[in-house]
Structures are given as structure tokens and as C-alpha cells.
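Okay, so here's the structure we're looking at.
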Number of protein chains: 2
Amino acid sequence: MGSRGQPEESRAAILQAAAKEFSENGIAGARTDAIARQARVNKALLYYYFKDKETLYGAVLDSAFSGMKTSVFQVLDSDLPPREKIMAYVGAYFDFIASNQIYPKLMQREMMRAREGDSLHIDRLVKTYFQPIYRRVGELLHKGIAEGEFRKVDAAHFISSMVAMIVFYFSSAPVMQRVVRFNPLTPQRIAERRAAVMDFISAALFLPCSSAAPSSRKSGVRQ
Amino acid sequence: MGSRGQPEESRAAILQAAAKEFSENGIAGARTDAIARQARVNKALLYYYFKDKETLYGAVLDSAFSGMKTSVFQVLDSDLPPREKIMAYVGAYFDFIASNQIYPKLMQREMMRAREGDSLHIDRLVKTYFQPIYRRVGELLHKGIAEGEFRKVDAAHFISSMVAMIVFYFSSAPVMQRVVRFNPLTPQRIAERRAAVMDFISAALFLPCSSAAPSSRKSGVRQ
DNA sequence: TTGCACTAATTAACCAGTTAGTTAGATTAT
DNA sequence: ATAATCTAACTAACTGGTTAATTAGTGCAA
């Protein structure tokens, strides 16, 4: 019976295994035994590091969303002009999700769990991650509109649409694969999606442009 | 204790209660006791009408998606020109989801469950409902492009984006409510969303309008 | 020799599914 | 008509497999 495997490693292994299990099965469908097995750790160790299943789930959510916040804030804190910044934000958000494909599922699942009383985590998540990002992107849109660069879109709805296009693509990929005849998650298809999202958003947001030509957008669309 | 409550009523009550329970909790989180209680029926009756929980879940999905297919095909079968038809399709789809708000959640949940082997239903659902709709909308987009009415978008990605904007809004409403300061599900907000989606899609899809020279696309934006 | 990291074994609760019926109305026999 | 029989519709109570969580420890390092 071992003892020392470096505590940080064990904790991290649990978190990672839990993230996978929760994203695939939701909190109700997730099995603590499966998490322990995947983390190559005794099940009781989950309860040594985390109070209970719900707390472990909360820790998984925090680690997921804090990574995302860091990613997009690097862009939001930069000082690009509105056009370039909104595209950079979409790109950063897309890239984060694309390289952490368990997150869109975690996010969707938590969103649907948020009926009142249900989720103990949602208030914290909203306050810590979603609100700050939402506020900044909202300001960015208003700035672009004020400067005559963007169409007069409704910020709340526009943000919702951007998030939808990115998150939904990955969370619905397993079904999409059966509807269309290709795997939507190959690097090439992902790159294509990225271009399509960028194209869709810029076409819907940017005004024909009074000033110079927008260099950022080229086409990204085929057929 | 009575026996006769009209079998059709009981069956329908079970289906309705199950739809609600499954949409709120997923199949793993749903409780058969809760379904029976909500349907005001003994739990054993669920097993009298349906083989097991999984089969009941399948019946719920079928009743949900067949309604949707009927709705949108009424539009897709009509003979409107491409612009009007795609907008009518989006409207019909939106209205169906808006007035059956458990469906977006059922849909999201089933989409995420579709990892290989997992869902017994997904193949049937795709073949019966998703494929036929996808095919028709794809043809519609290609027709619009060929006639120089639409920008040369990628059909698969464009459809994915349309569905995303509609489904995601409703499934993420509980969280959104905490991020913004209003309830996204009041009739007024829903109408607003409908307009925003229509605007977003038409801005991203329609060419500036003149039916000539579709090759020199530069903006594809109106208003 | 204390405290940290960890585990095997166990427990209590939960929950899908079953069983062994009951009830009410329709059908047939008288 | 009316009693006897049948069957669809329905239920109370139970079962056993599953699963989150606990307990009572062991090994090891400082």
C-alpha cells in the first residue's frame, strides 16, 4: 500500500479525470468509481481532497472557466481598435474551446442545471467569470457602434449568438457527425469552422466600412 | 382505487411528465418516481406502457422532434423564393422552440450523449428528423447562392450557426438571466431575440440586394 | 511519534424495475 | 335481466443491484 505519490499530482489527476467524467456524463451520470479508476487512485482519496461529489464538480468548473477567463482577458486587455479586438476575442475564445473540448460540454450542462436552487455553483461562476467577460465585451461592442464601425446590434443578443456559434459547434459535434458525412473535429474542419464563425460574425457586425479596407477578414469560406 | 382513467390520458400524462423531468435532469438525473408522481399515476404504470426508462426517454424524444419536423416542413414545402423561405424557416423553427421550451434542453442533452454506443436513439433521430431537414435547408441555401441572392457561405456551418443561435438562447436562458439583469424568457424578450436572430442571419447571408455581380463580395451587410 | 498521504472494506441510501395483486367495465352464458 | 367470466388499466409494497460516502486503519517521511 503506497502513500507518497506527490499530493499535487494525485489532486491534479483527480481533477482531470473528474473533468472528463463530468463532461461526458453530467453530475448525475458521473460515477465516482470511474473517476477514481481513471485517476488511478483509491476512491476514498476523492473525499480526502474534496468534501463530496458536488464540491469536486465545483472545483472542475472553476478550473475550466478560470482558464477561459485568463485566455480571453489577454485579448480584452490589449489595446486594439474595436474591429480587430472583437475578432481577436472571438478567435481566442474559439481557440480555447477548440483545444479544451470538454469545456463546452461542461458549460452546456451547467447552464441547463441552473434552475433556481439547483446549482450551488452558478452564482459564483457568473460573478467570477461570466459577468466580467460579458461586461467587457459589451463595452467593446458599444464602442464599435459609437465609432461607426459596427452596425447597431443589441449587445446582449449579439454576445449570446457569438457564444452559441462557438460552444454549440463542439457540444453538438457527435450528432453533427452523423448528419453530415464528415468528422467535424479534425484539425482541418475545426479551422474551417473558425473561419466560418469569423466570417459570419464580421458579415453581421461590420458596417461596409467608411475608412480603410479591413485587412483581418479575407474569406474562409468555400464551395 | 380506480382503474379506468382513459388509457390515452394516462399515457399522455406520463409522456408529458417524462418530457419535463428528462429535460430538466437528463436521463441519468431523471427519477421515475418523480415522473409517476407528476403524472399522478403509479410508477408501475410507466413500465406497463413503456419497456423501461430508456424506452420512455426515446418516446419523449420522438414526440418532441416529430412536432418540430412537421412545423418546419410546412415552410420548406411551400414555394417561396429563397430569401423569404429561409427567413420563414428560421421563424418557424424559432417559434416552435419558443413555444416548446423543454425541447432545446432535450436536444442539447441528447446531442451530448451521442458518444458512440451511448445513445440508442440518436441514429433513429438523425435519420428520421435531422437528416431530412438538413438536406432540404442545404438545398435551399445552394439555390439562393446559385441565384446570386446569398453570399457563398458553407451550408453545413451556416446551418449549424442558425440552429445554435436559436437553441442555445433557450437552453442557456437560466444562466443568462443572472448575467444580464432581465428575464430572457418574457414574451417581449423572446420577440426581441427573434428579431435579433433574423437580423443576424439576414445580415450574414444576404447579398447587398442588387441581383447582379455577386462575385465582387466585399461586405454583405445591410441596414 | 506525529501528521500527511493514502487504501481496503464496509455501510446506508437510493432507485430502476418487479410482483402480486385489485378494480371496473365489457362480454358471454343462462 | 343477471350472474359468471374475462381483460385492460391500474396500484401498494417489495427487491436487489448500484453508488455516494465513511470508517478504520497502514506506510512513510521528517
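What you are looking at is a predicted structure, and each value in this text was computed from that prediction instead of being measured. Every heavy atom of this structure was used, including side-chain atoms; hydrogens, water molecules and symmetry mates were not. Just so we're on the same page: letters track the sequence lines, and every chain starts at 1.
- Whole-Å rounding puts the B:L46 CG to C:dT18 P distance at 12 Å.
- D:dT15 atom P lies 17 Å from atom OH of B:Y47, rounded to whole Å.
- Side-chain proximity of B:A44 to the nucleotides C:dT18, C:dG17, D:dA21 is greatest for C:dT18.
- The separation between A:I35 atom CD1 and D:dA21 atom P is 11 Å, rounded to whole Å.
- Residues A:E54 and A:R113 are paired through a salt bridge, judged by an N-O separation under 4.0 Å between the basic side chain and the carboxylate.
- A:M87 is not listed as a side-chain neighbour of A:L80, based on a closest heavy-atom distance of 4.5 Å or more.
- Listed here is the closest heavy atom pair of A:Y129 and A:S66: CE2-CA, 3.5 Å.
- The listed nucleotides are C:dA5, C:dA16, D:dT19; the one nearest the side chain of A:Y49 is C:dA5.
- Using a 4.0 Å heavy-atom cutoff across all strands shown, B:F50 reaches no nucleic acid atom at all.
- A:L45 places its CG atom 20 Å from the P atom of D:dG25, with the value rounded to the nearest Å.
- OP1 and OP2 of D:dT19 both lie 4.0 Å or more from every side-chain N or O belonging to A:T32.
- In terms of position along DNA chain C, the nucleotide closest to A:R40 lies nearer the 5' end than the nucleotide closest to the other residue of the pair A:R40 and B:G29.
- Residues A:D154 and B:R193 are not paired through a salt bridge, judged by the lack of any N-O separation under 4.0 Å between the basic side chain and the carboxylate.
- When the nucleotides D:dA9, C:dA8, C:dT18 are ranked by their closest atom to the side chain of A:N42, C:dA8 comes out on top.
- Look at B:R31 and you'll find a side-chain N or O under 4.0 angstrom from OP1 or OP2 of C:dA16.
- Nucleotide D:dG17 holds its P atom 17 Å from the CG atom of A:D33, rounded to whole Å.
- In terms of phosphate contacts, A:S10 brings a side-chain nitrogen or oxygen within less than 4.0 Å of OP1 or OP2 of C:dC6.
- Computed from coordinates, the B:K43 NZ to C:dG21 P distance equals 19 Å when rounded to whole Å.
- Taking the side chain of A:Y48 as heavy atoms from C-beta on, and the options D:dC10, C:dA16, C:dA5, the nearest nucleotide is C:dA5.
- Summarising the geometry, the separation between OH on A:Y57 and C1' on D:dA21 is reported as 20 Å, rounded to the nearest angstrom.
- Here A:A30 lies in heavy-atom contact (under 4.0 Å) with sugar-phosphate atoms only.
- Rounded to whole Å, atom C1' of D:dT19 lies 15 Å from atom CG of A:L56.
- In this structure, A:F65 has its ring center no closer than 6.0 Å to that of A:F96.
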